[in-house]
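All values reported here derive from a predicted model rather than from experimental measurement. Numbers restart at 1 for each chain; the letters A, B, ... are given by sequence-line order, proteins then strands.
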There are 2 protein chains.
Amino acid sequence: MVPSPARHQEEVKKVFTEFLEKKKMRKTQERFAILEEIYNIEHFDAYSLFVNMKDKNYRVSRATVYNTLELLIECGLVKRHHFGANFSVYEKAYHYRQHDHLVCMDCQKIYEFCDPRIQNIQEMVQDMYGFDIEYHTLVFRGICQACESKKQNSSPGSSRTTSTK
Amino acid sequence: MVPSPARHQEEVKKVFTEFLEKKKMRKTQERFAILEEIYNIEHFDAYSLFVNMKDKNYRVSRATVYNTLELLIECGLVKRHHFGANFSVYEKAYHYRQHDHLVCMDCQKIYEFCDPRIQNIQEMVQDMYGFDIEYHTLVFRGICQACESKKQNSSPGSSRTTSTK
DNA sequence: GTTTTATTAAGAATTAGTCTAAATAAAAAT
DNA sequence: ATTTTTATTTAGACTAATTCTTAATAAAAC
């Protein structure tokens with residue numbers, strides 16, 4: 001059973017609190033403000049997070065955003081992705097089903113999908129190469145349905161039956 | 001049948017030549033020097049390529065390295081990967097079987113593997129999400145066999161039977 | 001409440017990658 | 001073959017993401 005959003009929020013805070021206590025690190029306002037902010041977003045990058053928080057009149061520095069993200073990754077509450085651009089994309093990771101990503105090369109939107117077969121591939125690789133796998137990254141890049149139909153409508157002289165290029 | 005290395009080298013040059021001719025671009029020494037250099041390396045990043053060429057007393061600038069890599073990607077002779085660091089990793093791509101990657105988090109070495117099941121997943125995603133997929137990236141990250149056994153030998157007090165955390 | 005010290009903010013530094021403008025070298029014209 | 005034209009190159013300036021530094025701040029310990 002998936003916990004309710006509010007309950008979930010509390011659980012996440014508890015996880016981070018215990019993590020910080022175990023590491024004998026301080027429970028600062030900034031760290032929890034960042035955690036709270038993150039748990040309202042789907043996918044985000046460090047700079048947007050920083051700007052969003054500034055806009056909401058939190059006073060956080062870039063350094064703290066990066067440092068806290070690092071901590072949240074370490075304790076498993078956040079995942080970092082390198083989706084090909086020159087910056088990292090992050091997402092919350094607690095109690096979130098295993099999934100992989102579809103990135104639209106046109107609108108840059110990120111979609112999620114699940115497929116258990118990746119697990120099988122992982123096991124095969126583990127056995128065949130003696131590789132002790134920690135995690136995987138699977139990204140499909142292409143054009144999403146929305147952008148595809150947008151293109152079809154706007155391209156002048158394109159017929160519905162001929163494929164464009 | 002896979003062509004011999006020398007023959008292969010020639011083919012690759014021909015592909016690039018024709019590409020440049022089609023685009024009415026110039027066949028410069030620098031462009032071919034970079035191509036030749038690349039076809040002796042497995043995986044590389046732009047900076048190492050630049051330094052290696054400098055060491056061999058080629059005179060190439062960083063800009064030319066980046067620009068030429070872009071051209072080689074465009075004509076399908078090179079692939080770019082974003083393996084999680086803050087820089088791109090490249091590899092030659094001509095007549096090279098489809099494969100994915102294993103990255104060792106310890107020694108940073110990159111291994112390759114093939115699995116046809118990824119194709120199936122791709123088709124499923126294509127159908128279910130109406131996503132027009134151009135390519136995929138699958139990376140497993142973990143500890144390679146070599147590093148694993150190195151650790152086992154060096155960790156003091158570790159027994160062969162108990163798993164280390 | 002005071003002291004201690006980890007953490008923060010602001011901005012300097014770094015790093016991968018891109019851009020710019022003068023110099024060079026392919027290709028075209030003579 | 002030489003000259004002219006212009007794409008390409010080089011070196012270094014620039015940018016953007018991220019990391020580092022240092023004085024100021026605020027948790028936690030006393």
Side-chain angles (χ1 to χ4, degrees), chain A residues 13 16-37 43-75 78 80-90 108, chain B residues 13 16-38 43-75 78-90 108:
Chain A
K13 266 187 214 164
F16 195 32
T17 303
E18 283 171 6
F19 172 81
L20 291 173
E21 281 171 355
K22 198 173 291 173
K23 294 202 78 175
K24 290 188 164 49
M25 295 179 87
R26 291 182 179 173
K27 286 160 254 168
T28 66
Q29 297 188 322
E30 290 81 0
R31 283 175 178 160
F32 284 93
I34 289 168
L35 177 60
E36 205 154 307
E37 187 67 16
H43 296 92
F44 60 95
D45 59 90
Y47 183 71
S48 314
L49 177 58
F50 170 66
V51 170
N52 280 353
M53 296 196 74
K54 280 275 176 196
D55 288 352
K56 292 186 183 176
N57 287 323
Y58 288 102
R59 246 227 289 74
V60 279
S61 65
R62 260 165 318 141
T64 299
V65 167
Y66 280 104
N67 291 339
T68 303
L69 283 173
E70 213 57 54
L71 285 173
L72 290 170
I73 289 164
E74 198 186 331
C75 81
V78 165
R80 193 209 321 268
H81 297 285
H82 303 273
F83 284 156
N86 37 344
F87 57 87
S88 298
V89 173
Y90 301 83
Q108 308 300 322
Chain B
K13 267 187 212 163
F16 195 33
T17 302
E18 283 171 6
F19 172 82
L20 291 173
E21 282 171 355
K22 198 173 291 172
K23 294 203 78 175
K24 290 186 167 44
M25 295 179 88
R26 290 184 179 172
K27 286 160 256 166
T28 66
Q29 297 188 321
E30 290 81 0
R31 284 176 177 159
F32 284 92
I34 289 168
L35 177 60
E36 205 154 307
E37 187 67 15
I38 282 172
H43 297 90
F44 59 95
D45 59 273
Y47 183 71
S48 314
L49 176 58
F50 170 68
V51 171
N52 280 353
M53 295 195 74
K54 281 275 177 197
D55 287 351
K56 292 185 182 177
N57 288 320
Y58 288 103
R59 244 224 294 70
V60 279
S61 64
R62 256 168 321 142
T64 299
V65 167
Y66 280 104
N67 291 338
T68 303
L69 282 173
E70 214 57 56
L71 285 174
L72 290 169
I73 288 165
E74 199 186 330
C75 81
V78 165
K79 267 192 188 166
R80 193 207 321 270
H81 297 285
H82 303 273
F83 284 156
N86 36 346
F87 58 85
S88 297
V89 173
Y90 302 82
Q108 308 300 323

Distances under 3.5 Å between nitrogen or oxygen atoms of protein and nucleotides 17-20 of chain D:
residue, atom, partner, partner atom, Å
D:dT18, OP1, A:S88, N, 3.0
D:dT18, OP1, A:S88, OG, 3.4
D:dT18, OP2, A:Y66, OH, 2.6
D:dT18, O5', A:Y66, OH, 3.3
D:dT18, O4, A:R62, NH1, 3.1

Distances for protein N or O near nucleotides 25-29 of chain D N or O, under 3.5 Å:
residue, atom, partner, partner atom, Å
D:dA27, N3, A:R26, NH1, 3.3
D:dA28, OP1, A:K27, N, 3.1

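Backbone-only engagement by A:K54 is indicated by non-hydrogen atom pairs under 4.0 Å involving sugar-phosphate atoms exclusively.
Between B:Y58 atom OH and C:dT24 atom C1' there is a gap of 20 Å when expressed in whole angstrom units. Atom CZ in B:F83 sits about 17 Å away from atom P in C:dA16, given to the nearest Å. Taking atom CD1 of residue B:I34 and atom P of nucleotide D:dT9, one finds them 7 Å apart after rounding to whole Å. Rounded to whole Å, the distance from CZ on B:F32 to P on D:dT8 is 12 Å. If you take CZ of B:R31 and C1' of D:dT9, they are 9 Å apart, rounded to a whole angstrom. Per the geometry, CD belonging to A:E21 stands 17 Å off P belonging to C:dA6, to the nearest Å. Separating the NE2 atom of A:H82 from the C1' atom of C:dA16 is a distance of 14 Å, rounded to the nearest angstrom. Here C:dT7 presents its P atom at 8 Å from CG of A:L71, a figure rounded to the nearest Å.
The residue from B:R31, B:K13, B:K56 that alone fulfils the salt bridge (Lys or Arg N to Asp or Glu O under 4.0 Å) condition with B:E36 is B:K13.
For B:T64, a side-chain nitrogen or oxygen approaches OP1 or OP2 of D:dT10 to under 4.0 Å.
By the 4.5 Å heavy-atom criterion applied to side chains, A:L49 and A:L69 are counted as neighbours. Here the side chains of A:F16 and A:V78 are not in contact, with every heavy-atom distance at 4.5 Å or above. By the 4.5 Å heavy-atom criterion applied to side chains, A:T68 and A:L35 are not counted as neighbours. For the pair B:F19/B:E74, a side-chain contact is recorded, criterion being any heavy-atom separation below 4.5 Å from C-beta on. Looking only at side-chain heavy atoms (C-beta outward), B:L71 and B:L20 come within less than 4.5 Å of each other.
For the pair A:E37 and A:Y58, the tightest heavy-atom approach, listed with the atom from each and the gap, is OE1-CE1, 4.1 Å. When all heavy atoms are compared, the tightest approach of B:V65 to B:I34 is CA-CD1, 3.8 Å.
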Identify every side-chain donor-acceptor pair in residues 80-87 of chain B under 3.5 Å, counting partners at least two apart or on other chains, and give the distances.
residue, atom, partner, partner atom, Å
B:R80, NH1, B:Y90, OH, 3.2
B:R80, NH2, B:E70, OE1, 3.4
B:R80, NH2, B:E70, OE2, 2.9
B:H81, NE2, B:E91, OE2, 2.8
B:H82, ND1, A:G84, O, 3.3
B:H82, NE2, A:G84, O, 3.0

